Amino acid sequence: MRAASTPARSRCNKSDPSGSGVISIRYCDDMLRPSPSLGRAWPWDDDDTVAFATFRTSDSPAAAFCRDAMIAADFNVVQERVVESDRSLSNYAVLHDLDYLNFETLDRGDDADGLAEGRRRLVHIIDRALAMCAPKVKPVAR
């Protein structure tokens with residue numbers, strides 16, 4: 001890992017407890033650059049609830065759609081540098097100049113309570129991100 005690839009406030013890969021999933025705000029390498037929530041308020045109170053901000057390798061992380069707004073709003077943001085497509089939708093979107101947001105949350109189990117909490121977190125995150133990043137998009141009535 002090169003120090004230059006990680007934001008100064010990140011403590012990833014340093015003696016922190018690791019997240020429990022493959023996707024974690026504590027993981028970084030040359031492709032994934034974390035910017036963890038400083039307040040760690042719900043729904044960002046675990047290491048495995050993250051927002052992805054993808055950007056082309058020729059651009060700076062700030063070029064990622066909504067990245068600056070999400071960091072300012074204290075989201076857990078994983079900045080993903082795309083060199084070539086890994087066939088994911090986020091990579092496709094950035095390589096075709098499409099605005100795209102991707103959110104993931106910690107698996108809280110398959111029982112009704114775990115699924116409800118995961119849904120509650122994601123709906124909250126999506127509503128907040130749409131209001132910040134795509135204000136012309138109207139939320140669907142629930």
Side-chain angles (χ1 to χ4, degrees), residues 1-110 113-142:
M1 177 182 74
R2 293 179 294 177
S5 69
T6 307
R9 65 184 183 185
S10 173
R11 298 181 340 226
C12 66
N13 296 334
K14 309 280 194 267
S15 71
D16 284 347
S18 61
S20 61
V22 173
I23 302 302
S24 173
I25 199 63
R26 298 289 171 219
Y27 180 79
C28 62
D29 61 16
D30 286 340
M31 303 305 239
L32 301 174
R33 303 171 184 187
S35 179
S37 165
L38 299 177
R40 300 202 35 99
W42 186 92
W44 309 108
D45 55 345
D46 67 68
D47 292 337
D48 299 322
T49 298
V50 299
F52 280 89
T54 55
F55 64 98
R56 292 175 186 251
T57 193
S58 59
D59 294 333
S60 75
F65 174 66
C66 198
R67 177 252 191 194
D68 291 346
M70 291 189 298
I71 289 173
D74 206 29
F75 283 32
N76 278 336
V77 179
V78 174
Q79 301 155 100
E80 180 183 10
R81 183 171 66 95
V82 177
V83 177
E84 61 184 359
S85 180
D86 64 4
R87 297 186 176 183
S88 67
L89 189 53
S90 60
N91 282 207
Y92 178 89
V94 77
L95 293 173
H96 290 86
D97 299 318
L98 301 172
D99 293 338
Y100 177 83
L101 296 171
N102 180 29
F103 307 104
E104 300 199 12
T105 191
L106 178 69
D107 183 352
R108 289 169 168 77
D110 293 333
D113 290 341
L115 292 172
E117 177 61 12
R119 180 184 186 280
R120 205 165 62 90
R121 286 172 179 262
L122 288 171
V123 167
H124 174 84
I125 293 165
I126 291 165
D127 286 349
R128 187 145 181 239
L130 285 175
M132 287 186 321
C133 306
K136 292 181 181 176
V137 175
K138 302 297 180 205
V140 175
R142 290 182 189 76

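All figures in this text were calculated on a predicted structure; none of them were measured in a lab.
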Identified salt bridge (Lys or Arg N to Asp or Glu O under 4.0 Å) partner of Arg40 from the options Asp47, Asp46, Asp74: Asp47

Paired with Ile25, the side-chain contact (heavy atoms from CB on, under 4.5 Å) test is passed by just one of Leu32, Thr49, Val50, namely Val50

Looking only at heavy atoms, the pair that brings Leu101 and Cys66 closest together is CD2-CB, 3.9 Å

Where do Met70 and Ala53 come nearest, in terms of heavy atoms and distance? CE-CB, 4.2 Å

Within a reach of under 6.0 Å around CZ of Phe103, are more than 12 heavy atoms found that belong to other residues, nucleotides or ligands? yes

Drop me the distance from Arg81's CZ to Ser58's OG, to the nearest 0.5 angstrom. 10.5 Å

Measure the shortest side-chain to side-chain distance between Glu117 and Asp113 over non-hydrogen atoms and say whether it is less than 4.5 angstrom. no

Rounded distance [0.5 Å steps], CG in Leu95 versus OG in Ser90: 9.5 Å

Where Val82 and Thr54 come nearest, the two heavy atoms and their spacing: CG2-CB, 4.2 Å

With a 4.5 Å heavy-atom cut-off, do Glu80 and Asn91 have their side chains touching? yes

In short, Pro61 meets Gln79 closest at the heavy-atom pair CB-OE1, 3.3 Å

Spacing of His96 atom NE2 and Ser85 atom OG [to the nearest 0.5 Å]: 8.5 Å

So do the side chains of Asp48 and Glu104 get within less than 4.5 Å of each other, counting heavy atoms only? no

Would you say Trp44 and Phe75 make side-chain contact, with heavy atoms under 4.5 Å? yes

Any non-hydrogen side-chain atom of Arg121 less than 4.5 Å from a side-chain atom of Leu106? no

So which atom in Arg108 and which in Gly118 form the shortest heavy-atom distance, rounded to 0.1 Å? CD-N, 4.4 Å

Which atom pair, heavy atoms only, marks the closest approach of Phe65 to Cys133? CZ-O, 3.5 Å

Heavy-atom check, side chain of Thr105 versus side chain of Ile125, under 4.5 Å: no

Do the charged groups of Asp97 and Arg56 touch, with an N to O distance under 4.0 Å? yes

Worked check of side chain to side chain contact (heavy atoms under 4.5 Å, CB included) between Val94 and Asp59: CA-CA 11 Å; Val94 77; Asp59 294 333; over 6 Å; no

